[in-house]
4 protein chains.
Amino acid sequence: MNQAVQKQQPQENRQGAVLDAAATLFSKNGYEGTSMRDIASASGMLAGSIYCHFSSKEDIFLSVQREGIRQLSEAVNAAIDGISDPWERLENACAAHAKVLLDESDFAAVLLHVTPSRNRDVWDQLAALRDEYEQVFRQLVDDLSLPAGTNRKYLRLAILGALNWSHNWYRPGRDDPAEIARGMIRLFRIQLQEQA
Amino acid sequence: MNQAVQKQQPQENRQGAVLDAAATLFSKNGYEGTSMRDIASASGMLAGSIYCHFSSKEDIFLSVQREGIRQLSEAVNAAIDGISDPWERLENACAAHAKVLLDESDFAAVLLHVTPSRNRDVWDQLAALRDEYEQVFRQLVDDLSLPAGTNRKYLRLAILGALNWSHNWYRPGRDDPAEIARGMIRLFRIQLQEQA
Amino acid sequence: MNQAVQKQQPQENRQGAVLDAAATLFSKNGYEGTSMRDIASASGMLAGSIYCHFSSKEDIFLSVQREGIRQLSEAVNAAIDGISDPWERLENACAAHAKVLLDESDFAAVLLHVTPSRNRDVWDQLAALRDEYEQVFRQLVDDLSLPAGTNRKYLRLAILGALNWSHNWYRPGRDDPAEIARGMIRLFRIQLQEQA
Amino acid sequence: MNQAVQKQQPQENRQGAVLDAAATLFSKNGYEGTSMRDIASASGMLAGSIYCHFSSKEDIFLSVQREGIRQLSEAVNAAIDGISDPWERLENACAAHAKVLLDESDFAAVLLHVTPSRNRDVWDQLAALRDEYEQVFRQLVDDLSLPAGTNRKYLRLAILGALNWSHNWYRPGRDDPAEIARGMIRLFRIQLQEQA
DNA sequence: AATGAATGAGGCTTCATTCAT
DNA sequence: GATGAATGAAGCCTCATTCAT
């Protein structure tokens, strides 16, 4: 996976190294499939040493997800910056979303591992983070001119669902994230746009 | 959750009892969050006894998923039986898919727990099962009359993705699975149908 | 240490073996100084196997203490059985108490390791057990004819305290538990008996 | 707990701060229940920094106990100073002993946590310290006029045992240390004294 | 078919201590 | 004197699985 967006501080930053390693492992093996020892050895330390930087495995998980959301937000915001056409804005946002999620960031990929955390606090924090991120898409959909009666909530949820779910069938060499996103948006765009 | 679709053989069928218990637990707590002891005690036996009926935890998982797919197939086929209008067929199929997935079957719900199984064999078997099930949707989409150039693959994947992902935001009392499905299909339908 | 009173069921009783081992280790090394692995290897099993019989380390600790109290009760009751003179009854009870505590039972010895358990439940249960056991002594002291104004509560607490504390200076070969107990009781007895 | 006797050097004395913190924590949570980090953070430093002042955790423990004994000695000596009646001297000494132990000094309270140290050296040093402290009581008991044949060793050990053990049932608001001590001494005093 | 004791590996975490800065 | 990151061992406990009965 392309690490361009991923690395935080490549050297002399053990905390960043732990997060990098955790992101990669979580995204590949899931939360339960990744042990503290795995994370530790992948970041060149011993398991116990991790606790100098994070208070628990869940703390790491949460930090990874936070960073994933940060990267998504950043990419999406950059993608719509300076664009004024509403459909083009949405399409660009989705392309950026898909690219980061599927191809560029292990941090973001972890967001798709819907782990029903036993810990209620953690779950609530993550839900809040996700919700905040999706605000951008709420706005983008609201800005479209659509036929009266179009259910904008379903539109937004359908778009994000279609994109997020794609990591279940996406295959790196074969598919192209941006093209997937644009292709899907156009399914809605053509007709909804013409009608308006 | 409505158990109507769910129960296999109500009594004197220990194997069915194990699967029922496993489906409920897997769908609630995930694969790793469910122990063999949990499954055993929920089906009135001891952990060791399960191995009289299943060879491993993964075997149970696979059986649950198989049954989940069977239930989905059954419901979808029943929903389109006797209907001839292509869009109506698709809408009915999606409504059935959503209902079983979100509301009626713990077996089907387990399919949404995307567990990256360490075991390649298991993963391949599940992929094949899913793929077979999705054949129906491939056909349903192929049967639509659509404007030239419409990417039918993306259409199918978008629809299924949108529906499958909805279990991440669906809330039992508040939302209605069939309505979600029909609402989303209509986003595509109205215009595509007219334009074709 | 003399094991006569100690063994529960010498063979084919793994639960008893665990308790025996735990009693010996706890009495020698204390609660924190004894690991589950220590107990396991001393009873010929692996650490994990212990959990077939006990739910936690604290559960073992509590079971050991319970058995210690049972042994003390048994010995004390046997020692006063058939004796009618109140002072002789008290002396015999104390001699039995001291013998079991200092010399005969690792289970009883553990009672002297006042471990401030972090767990409130456990602490309460132990307090209740101890209290129940001390009822015998309450009765024995109440049965004495004593000079008016003698504080029977302090008398009881002083006797038990003196005996219990003796394990801090007692040395197996040099001292004799029964003699210690009788010697101490006599300090009170001679005069109090005459004066009454 | 009353800190009057306790504080060593209130400020700018890190070593004293560490000991104060350690005494409080050891007396409340025991030796194993107190971590170096606990001690460090309670004395406003980090775990590593403690090693500038003490060579090990056991070193701290020993220092605390030493200070506890010093405080006990000081209080006992002050309590018998200028008193000539032997029984009154003993009673005063015991009252002082009980007050410091139960109510006034966390340092002294630690002495009652009988931790069977794995380290033989440490254990021997502590035994020597205790023994030296108990010399006062040996003398006080020797000075009593008692009936011939009275076992003075048992008398001393019974008195100290009764008092030391009282921390197992003593409750701050309800009981009064000095009264406990005087009440118990009187149990011996009345009769032994009269007989002499 | 079922039991239940046992295994052996591995889980997360804590801890006293060290050491370069 | 003090820091704080790191160590390495050890802690309790859970788990999927096995097997004699």
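Residue numbering restarts at 1 for every chain, and letters A, B, ... go by the order of the sequence lines.
Rounded to whole Å, atom C1' of dT7(F) lies 16 Å from atom CE of M36(D). When the P atom of dA16(F) is taken as reference, atom OH of Y31(B) falls 8 Å away, rounded to whole Å. The separation between K57(C) atom NZ and dC13(F) atom C1' is 12 Å, rounded to whole Å.
Every residue was checked against the ring pair (Phe, Tyr, Trp, His ring centres under 6.0 Å) condition with F54(D), not counting sequence neighbours, and none meets it. A search for salt bridge (Lys or Arg N to Asp or Glu O under 4.0 Å) contacts involving D131(B) returns R138(B), not counting sequence neighbours. Listed by chain and number, the residues in a salt bridge (Lys or Arg N to Asp or Glu O under 4.0 Å) with D59(D) amount to none (sequence neighbours excluded). Here E32(B) pairs with E32(A) under the side-chain contact (heavy atoms from CB on, under 4.5 Å) rule; sequence neighbours left out. For the side-chain hydrogen bond (donor to acceptor under 3.5 Å, both in side chains) test, no residue two or more places apart in sequence or in another chain qualifies with Y31(A). Listed by chain and residue number, W123(A) satisfy the side-chain contact (heavy atoms from CB on, under 4.5 Å) test with A127(A) (two or more places apart in sequence, or in another chain).
In terms of position along DNA chain F, the nucleotide closest to R37(A) lies nearer the 5' end than the nucleotide closest to the other residue of the pair R37(A) and S55(C). Along DNA chain E, the nucleotide nearest E32(D) and the nucleotide nearest S35(A) are compared for position; the residue whose nucleotide lies closer to the 5' end is S35(A).
Side-chain atoms of S27(A) never come within 3.5 Å of backbone atoms of A109(A) as a donor-acceptor pair (strictly under, hydrogens ignored). Under the 3.5 Å distance criterion, the side-chain polar atoms of R66(C) are left unmatched by any main-chain donor or acceptor of L129(C).
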Result block: side-chain N/O donor-acceptor pairs under 3.5 angstrom for residues 41-49 of chain C, not counting sequence neighbours:
{"residue": "S41(C)", "atom": "OG", "partner": "D38(C)", "partner atom": "O", "Å": "3.4"}
{"residue": "S43(C)", "atom": "OG", "partner": "I39(C)", "partner atom": "O", "Å": "2.7"}
{"residue": "S43(C)", "atom": "OG", "partner": "A40(C)", "partner atom": "O", "Å": "3.3"}
{"residue": "S49(C)", "atom": "OG", "partner": "L46(C)", "partner atom": "O", "Å": "3.4"}

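The phosphate of dA2(F) has OP1 or OP2 within less than 4.0 Å of a side-chain N or O from H53(D).
Looking at residues 42-52 of chain C, you'll see M45(C), L46(C), G48(C), S49(C), C52(C) sit with a heavy atom under 4.0 Å from some atom of DNA chain E.
Residues N29(D) and T34(D) have side chains that never bring a donor and an acceptor to within less than 3.5 angstrom of each other.
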Dot-bracket assigned to DNA chain E with the 3.5 Å Watson-Crick/G-U criterion, [ ] for crossing and | for other-strand pairs, is .||||||||||||||||||||
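Closest approach of A108(C) and S105(C) over heavy atoms only: N-OG, 2.9 Å.
Running 5' to 3' along DNA chain E, contacts with non-hydrogen atoms of chain C at under 4.0 Å begin and end at dA5(E) to dG8(E).
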